[in-house]
Amino acid sequence: MASSSANALFSSSLAPSTPKSPLLSISNSSVSLNLLPTLHSSSSASSSRCNFIPIRSVLKTVETFELHTSDLADPTFPNTRSTILVAEKLGEAGLKLLRSFGDVHCAYDLSPEQLCAKISSCDALIVRSGTTVNRQLFEAAKGRLKVVGRAGVGIDNVDLQAATEFGCLVVNAPTANTIAAAEHGIALLTAMARNVAQADASMKAGKWERNKYVGVSLVGKTLAVMGFGKVGSEVARRAKGLGMQVIAHDPYAPVDRARAIGVELVSFNQAISTADFISLHMPLTPTTSKIFNDDTFALMKKGARLINVARGGVIDEDALVRALDSGVVAQAALDVFAEEPPPKDSKLVQHKNVTVTPHLGASTKEAQEGVAIEIAEAVVGALNGELSATAVNAPMVAPEVLSELAPYVVLAEKLGRLAVQLVAGGSGIKSIKVVYRTGRTPDDLDTRLLRAMITKGIIEPISDSHINLVNADFTAKQKGLRISEERVEVNAPPEFPVDSIQILVSNVESKFASAVSEKGEVAIEGKVKYGVPHLTRVASFNVDVSLEGKLILCRQVDQPGMIGRVGSILGENNVNVNFMSVGRMTRKKRAIMAIGVDEEPNKESLRKIGEVPAVEEFVFLDL
C-alpha cells in the first residue's frame with residue numbers, strides 16, 4: 001500500500017485523455033486510494049455522475065490511468081458542479097464559499113423521509129446536531145453521496161461505520177467555536193459566583209433582596225479545569241486573568257503548554273478534592289460517562305461549585321441534585337444536559353442553586369460564522385479530492401491488505417487500550433515506542449494502519465476523537481503524543497506479516513508496577529495466535545492471555561491455591577470467570593495471574609482480592 005497522499009473523491013464523469021500535467025496517477029505499484037470513479041465511454045445523461053467501484057476492480061482493467069486538471073473543464077464533459085445539500089442553518093460566509101464551488105440547496109427541517117428522497121441527487125450533505133445521518137440515508141444516496149459535513153464538533157448523529165462502508169468521507173469543524181465556548185464557561189462561572197440569574201429573576205418579580213444574594217469572590221480561589229484541550233486551556237487563561245489559581249487534569253495535555261500559562265497538571269482525585277470551582281471540558285466517552293457521580297461528589301471540598309459547558313452525560317444528574325441538596329456542591333452552572341432539551345419538570349433545572357442556559361456554548365455570531373467557514377472549506381476540499389485533517393472516518397483499505405492485516409489490526413488496538421489503562425493519572429502518555437518483529441524484510445512491512453490502530457486504542461477511551469488511517473498521526477501530534485517505530489527482522493514464518501508487536505511507554509507511572517521494565521518503561525507485547533490477539537508479555541513476565549472482554553491482572557507470590565482463592569471470591573459475587581492463566585519468572589517466586597471475567601467485579605470483590613495475603617498488586621482492565 002503506497003504511503004503518498006492522493007485525491008480520493010471526484011464529482012465528474014471521467015475519460016482517458018492525452019498526456020497533460022497529472023493531478024492523480026494510479027498504477028499497480030502505487031495505490032493510495034480506496035475508491036475511483038467508474039470510467040465512462042458514453043456521453044449520455046446517465047454518465048453524468050460518478051459511480052464508485054473498488055480500486056481492485058480498476059486495476060484488473062487498466063495498468064495506469066492519469067487524471068488531469070484540464071479534464072474537469074473539458075467542454076465535452078457534462079456539468080461537473082457538485083450538488084451540496086445544507087439541511088440545517090449555516091452562516092452566510094460558509095454558504096458563499098459553497099456556492100462558489102457547487103450548486104447549493106438549503107432545505108431545513110426535513111423529515112427523514114424527505115431527506116432520503118433528496119439525497120440521491122446530492123454529492124455532499126451538511127448538517128448540525130439536529131439531523132440524523134444513518135445507514136438508511138446512505139442506502140438512499142445510492143453511492144452518490146461523497147462527503148458529510150458536521151458543522152460542529154460532535155458526530156453522534158452520523159453513522160460512521162455506514163459512511164465508511166459506502167465510501168463517504170465525514171468531516172467536522174472542531175476548532176471554530178473554541179473561544180465562544182470558553183467565554184461562555186467564564187460567563188457562567190462569574191454569573192454563578194455572584195448569583196446574577198437568581199437576582200435578576202428576583203428583581204423582575206418586584207423584589208429587592210440584596211442580603212439574600214451575597215456572592216463569593218474569585219480572586220485567590222482554585223479552579224480545576226477537567227480537560228485541558230482547546231476550550232479548557234482558553235478557560236484557564238481567562239481564569240488566571242481573574243486572579244484565580246488554576247490546576248488541570250488531562251492525561252494528554254502537554255506539561256510544557258500547561259506550565260507556559262501557569263497551570264499545574266494534577267491527578268483526577270487531586271483536582272476535584274482541592275478545587276473551589278470545577279469547570280468541565282472533557283468529552284463524553286464510555287470512560288467519562290457519569291464520571292461525576294455520588295462517589296466523585298463525596299471527594300469534593302464541601303461547598304465546591306461546578307460548571308459544565310462540555311457534555312451533559314459526564315454528570316450523573318440525579319447524583320448532582322443530591323449533592324446540591326446536601327450542600328456538598330454549593331452551586332452549579334450548566335449549559336449542557338444528558339437529555340436536550342431536559343424535561344420541563346427536571347429537578348436539576350428547577351433547583352434554586354443551579355444556573356442554566358440552553359446549550360449556548362457556541363452561540364455567538366462570530367463562532368457560527370467560523371464554524372460555517374471551517375465546515376465549508378472541509379467539504380469543498382473533500383469534493384476536490386483532498387482528505388481533510390478534520391476527517392473522522394477513513395477510506396476503505398484495499399481488501400487484500402486488510403485481509404492480511406486484519407488480526408494484527410485488532411491486536412494493535414487492544415495493546416493500545418491496555419497500555420493507556422496501565423498508566424496512572426497525572427502526567428499522561430507523551431512518548432511511545434512500537435517495536436514490530438517480522439519474518440519479512442522490515443521495509444516490506446507497511447505499519448501505517450497498525451500505528452493508526454495503536455493510536456486509536458490509546459486515545460479513544462479517554463477522548464472524543466475518532467481515530468483512523470486518515471487522521472491518526474495528526475491527532476497524535478495534536479495531543480502531544482510522540483510515536484516512534486522500529487521494525488526488527490526475526491526468525492519467523494514470512495507468510496505472516498507480523499510476529500509480535502511491543503509497546504513501550506516511557507516517562508510515566510503505572511497502576512500496575514509489574515508492567516514496568518528494568519528500563520522504567522511500561523512494556524507490553526502481543527501476538528496473534530490462531531487468529532486471536534494475545535498478550536504474551538508484561539514487562540519481564542511471560543503470559544498467555546486472550547485480549548478479549550474484561551481482565552484482572554494480579555501479581556502474586558507463586559504458591560498453591562491462588563487460582564482457587566481468587567476464583568472463589570469472584571464466584572461468591574456472581575462474577576463469571578471465563579479463563580485463568582499464570583505466568584512466572586521462576587518457580588515459587590513471583591507470578592502474574594490473568595483472569596478473564598464476563599462482568600466488571602464490584603468494589604467489594606476487588607477489595608477482597610486485594611486483601612488476599614499473597615496478592616501483592618492487581619489491576620482491572622476493560623478491553
Side-chain angles (χ1 to χ4, degrees), residues 84 86-99 104 106 108-109 124-131 148-158 170-192 196-197 225-242 261 279-284 307-314 333-337 340-341 355-381 388-392 463-466 478:
I84 304 166
V86 180
E88 295 183 67
K89 290 185 178 179
L90 195 69
E92 187 56 38
L95 292 174
K96 182 178 180 181
L97 176 59
L98 293 171
R99 290 180 180 125
V104 179
C106 296
Y108 308 144
D109 301 319
L125 170 67
I126 295 178
V127 300
R128 303 187 75 89
S129 60
T131 301
V148 171
R150 164 67 170 94
V153 180
I155 53 167
D156 298 343
N157 55 318
V158 180
V170 180
V171 295
N172 67 349
T175 63
N177 61 8
T178 296
I179 298 301
E183 289 177 346
H184 195 62
I186 292 294
L188 286 177
L189 184 151
T190 54
M192 173 180 62
V196 171
V225 176
M226 308 302 289
F228 201 67
K230 295 183 179 68
V231 178
S233 58
E234 291 297 336
V235 167
R237 292 177 191 276
R238 287 155 177 75
K240 293 286 290 184
L242 295 172
I261 58 177
S279 188
L280 309 187
H281 304 285
M282 55 182 57
L284 178 60
I307 305 101
N308 188 12
V309 295
R311 292 289 185 268
V314 302
L334 310 172
D335 185 50
V336 288
F337 306 89
E340 295 186 355
T355 300
V356 292
T357 52
H359 205 147
L360 298 179
S363 295
T364 66
K365 293 180 180 179
E366 295 81 0
Q368 293 302 303
E369 286 297 297
V371 166
I373 292 171
E374 185 175 7
I375 197 60
E377 288 176 341
V379 167
V380 168
S388 167
T390 65
V392 292
S463 169
D464 59 357
S465 299
H466 294 265
Q478 192 178 45

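These numbers come from a predicted model, not from an experiment.
- Note that NE2 of His184 is 5.0 Å distant from CG of Leu360, once rounded to the nearest 0.5 Å.
- The main-chain N or O of Ile126 is never found under 3.5 Å from a side-chain atom of Glu88 such that the two would form a donor-acceptor pair.
- Scanning all heavy atoms of the two residues, the minimum distance from Ala372 to Gly91 falls at CB-N, 3.5 Å.
- Summarising the geometry of Ala197 relative to Thr355, their closest heavy-atom pair is CB-CG2, 4.0 Å, with the distance given to 0.1 Å.
- For the residue pair Ala180 and Ala367, the shortest heavy atom distance occurs at CB-CB, 3.6 Å.
- Residues Ala362 and Gln368 come closest through the heavy atom pair O-NE2, 2.7 Å.
- Contact detail for Val171 and Ala378: the closest heavy-atom pair is CG2-CB, 3.8 Å.
- With Asn157 contributing its side chain and Arg128 its backbone, the two residues share a donor-acceptor pair below 3.5 Å.
- The CD1 atom of Ile373 lies 10.0 Å from the NZ atom of Lys96; values are rounded to the nearest 0.5 Å.
- Applying the side chain to side chain contact (heavy atoms under 4.5 Å, CB included) rule to Ile155 yields the partners Arg150, Leu160, Asn172, Val392, His466; only residues at least two apart in sequence or on another chain are considered.
- Note on Arg311 versus Glu340: no salt bridge recorded, every NZ/NE/NH1/NH2 to OD/OE distance being 4.0 Å or above.
- Distance CG/Leu97 to CD1/Ile375: 11.0 Å, rounded to 0.5 Å.
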Output a table of donor-acceptor pairs, distance under 3.5 Å, between side-chain atoms of residues 231-241 and any protein atom two or more places apart or on a different chain; print 'none' if there are none.
{"from": "Ser233", "atom 1": "OG", "to": "Gly229", "atom 2": "O", "distance (Å)": "2.8"}
{"from": "Ser233", "atom 1": "OG", "to": "Lys230", "atom 2": "O", "distance (Å)": "3.0"}
{"from": "Glu234", "atom 1": "OE1", "to": "Arg238", "atom 2": "NH1", "distance (Å)": "2.7"}
{"from": "Arg238", "atom 1": "NH1", "to": "Glu234", "atom 2": "O", "distance (Å)": "3.0"}
{"from": "Lys240", "atom 1": "NZ", "to": "Gly262", "atom 2": "O", "distance (Å)": "3.3"}

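- When all heavy atoms of Gly312 and Val336 are compared, the closest pair comes out as N-CG2, 3.5 Å.
- Between atom OG1 of residue Thr364 and atom CD of residue Glu369 there is a gap of 10.0 Å, rounded to the nearest 0.5 Å.
- With hydrogens and angles disregarded, no donor-acceptor distance shorter than 3.5 Å links the side chain of Asn308 to the backbone of Leu334.
- Distance check, rounded to the nearest 0.5 Å: SG of Cys106 to CG of Leu95 gives 4.5 Å.
- Atom CD1 of Ile307 and atom CG of Leu188 lie 8.0 Å apart (nearest 0.5 Å).
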